[in-house]
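Take a look at the structure set out below.
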There are 2 protein chains.
Amino acid sequence: MAASRARRPERREEPLSRERIVEAAIGLLDESGEGGLTFRALARRLATGPGAIYWHVTGKDELLGAATDAVVTGAMTAATATATAGATPREAVRSLAVGVFDAIDAHPWIGTQLARAPAQSPLLRIFEHLGRQVQALGVPQAAHFTAASALLNYILGVGGQNAANALERRPDTTRAEFLDTVSTSWANLDADEYAFTRSVADQLRDHDDREEFLAGVDLIVAGITALR
Amino acid sequence: MAASRARRPERREEPLSRERIVEAAIGLLDESGEGGLTFRALARRLATGPGAIYWHVTGKDELLGAATDAVVTGAMTAATATATAGATPREAVRSLAVGVFDAIDAHPWIGTQLARAPAQSPLLRIFEHLGRQVQALGVPQAAHFTAASALLNYILGVGGQNAANALERRPDTTRAEFLDTVSTSWANLDADEYAFTRSVADQLRDHDDREEFLAGVDLIVAGITALR
DNA sequence: GGCATCTATGGAACGTCGTTCCAATGCCTT
DNA sequence: AAGGCATTGGAACGACGTTCCATAGATGCC
């Protein structure tokens, strides 16, 4: 097995690296959710021991942050491409928002992760791109922060709820079945205490997550443009 | 039987009860955050063993849900009182929103908890009260679900971010110091990649959390009323 | 009253987790 | 060839959620 290959480290099994670890962590998270990310499971997948991982990563928090960062960065670069191609700022905001939405839909663990402390960097990326479109909407400078924050917070709120629903839903039930179950439970709530919720149970049953999300974005954009 | 005994309210130490456990759990969460809620710490505080708690509560998830429920219910009943007293629907929405905001501010662990699965019941309570005010705004029935959802999701998003910030901030630093630190780091970002974020760094430094939050609520309410 | 039964308790124990420690392994320079 | 150093991976530690069980106090039955 000689073959002492030169500089490039690809001869034997590729060595551990922060990148490879983050990649494996994302895989684990996608497959088995937040609880599935374990240093032991990670070590097994990387054919090493738990201790070795700590040479490249300071701990679980940083690893989760890095995984979130990687996914969000990918989603943002993809969304910015279509956003800049799109014409109006309103369409660009929708592209960005739907990019985050889809990323959370594909990786539900991001939803809860974004509502956590050390993930500052991915959030900033989203905030920046949203803010540029707010500028393009012609809002007075003094309202920039408020408008961009409102959009971001709404997106994060939906993301968190989506993640929660993805967690709560049994893996063997379809989305329609799940919606139907919840809608029915809404319809059976106390008539006095939950009058409004009962009255929109049907709208819950028939709604489409993405359309509903975008309708909310439009609502906020409408409120923002009213500031002009 | 009819000859029931109104036995000891406190002959010996008052017995365990779900209520007493939830109360102690809230205290633990408030004092030492999400990580502070431990069945061992809880048992110590209640002068019992970990096993006894499981007789009244099925597990940690349910306990967290019950704690969240208790706090949110309290906040909602308090907020509805002032909301119904207030005149316009817009003011009522603001009262409700600020009620949730203050509750999360006082108990930051709620913020992350509301973006989690089994806490359906407290969310429904908020949703219901928001929805009633949406109705009062005179929005067409078909938009009720969208409007109420947008408000709720925005509130949850802000709550999550607030909770994250409360976690990230060192306990010995004031809010102003923390804001100043973050604002400065924003101002030092890359000029090209983060042009917008840099431009609002000052607005971040000077903003008031609650005012900013309410400005976002107003933005959404403005968008909702535009639907009329 | 005596005995069986049921509710409720709390300590011990199990398995898993994040993390630390450290002896061993290679690779690089000299 | 040798020594230094980055890197590895398995063992061990303490804390966690949870289960188990032996028991205490109250209650039902005769």
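If you're wondering where the values come from, they're calculated on a predicted model, not measured in any experiment. Numbers restart at 1 for each chain; the letters A, B, ... are given by sequence-line order, proteins then strands.
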- Message: Checking A/N188 now: which residues fulfil side-chain hydrogen bond (donor to acceptor under 3.5 Å, both in side chains) with it, not counting sequence neighbours?
- Response: none
- Message: Just to verify, what does B/E177 make a side-chain contact (heavy atoms from CB on, under 4.5 Å) with, not counting sequence neighbours?
- Response: B/T173, B/T174
- With sequence neighbours left out, what residues match B/Y154 under ring-ring contact (aromatic ring centres under 6.0 Å, His included)? B/F213
- Task: Can you sort out which residues in residues 48-57 of chain A have a heavy atom within less than 4.0 Å of DNA chain D? Ascending by number, please.
- Result: A/T48, A/G49, A/P50, A/G51, A/A52, A/W55, A/H56
- Item | Contacts of A/S185 that satisfy side-chain contact (heavy atoms from CB on, under 4.5 Å) - sequence neighbours left out | A/V182
- Could you check how far CG of B/L42 sits from C1' of D/dC16, rounded to whole Å? 14 Å
- Message: Contact between A/V200 and A/L204 at the side-chain level, heavy atoms closer than 4.5 Å - yes or no?
- Response: no
- Within residues 25-40 of chain A, those residues having any heavy atom closer than 4.0 Å to DNA chain C are A/L37, A/T38, A/F39, A/R40
- Query: Looking at residues at least two apart in the chain, or sitting in another chain, which of them share a side-chain contact (heavy atoms from CB on, under 4.5 Å) with A/A195?
  - Reply: B/E128, B/R132
- How many Å lie between CZ on A/R44 and C1' on C/dT16, as a whole number? 11 Å
- Message: Listing request: all ring pair (Phe, Tyr, Trp, His ring centres under 6.0 Å) pairs with a residue in residues 29-71 of chain B, at least two apart in sequence or in separate chains.
- Response: B/F39-B/Y54
- Item | Any residue meeting side-chain contact (heavy atoms from CB on, under 4.5 Å) with A/T80, in chain and number order, not counting sequence neighbours | A/H129
- Message: Rounded to whole Å, how long is the line connecting atom CG of B/L63 with atom C1' of D/dG17?
- Response: 12 Å
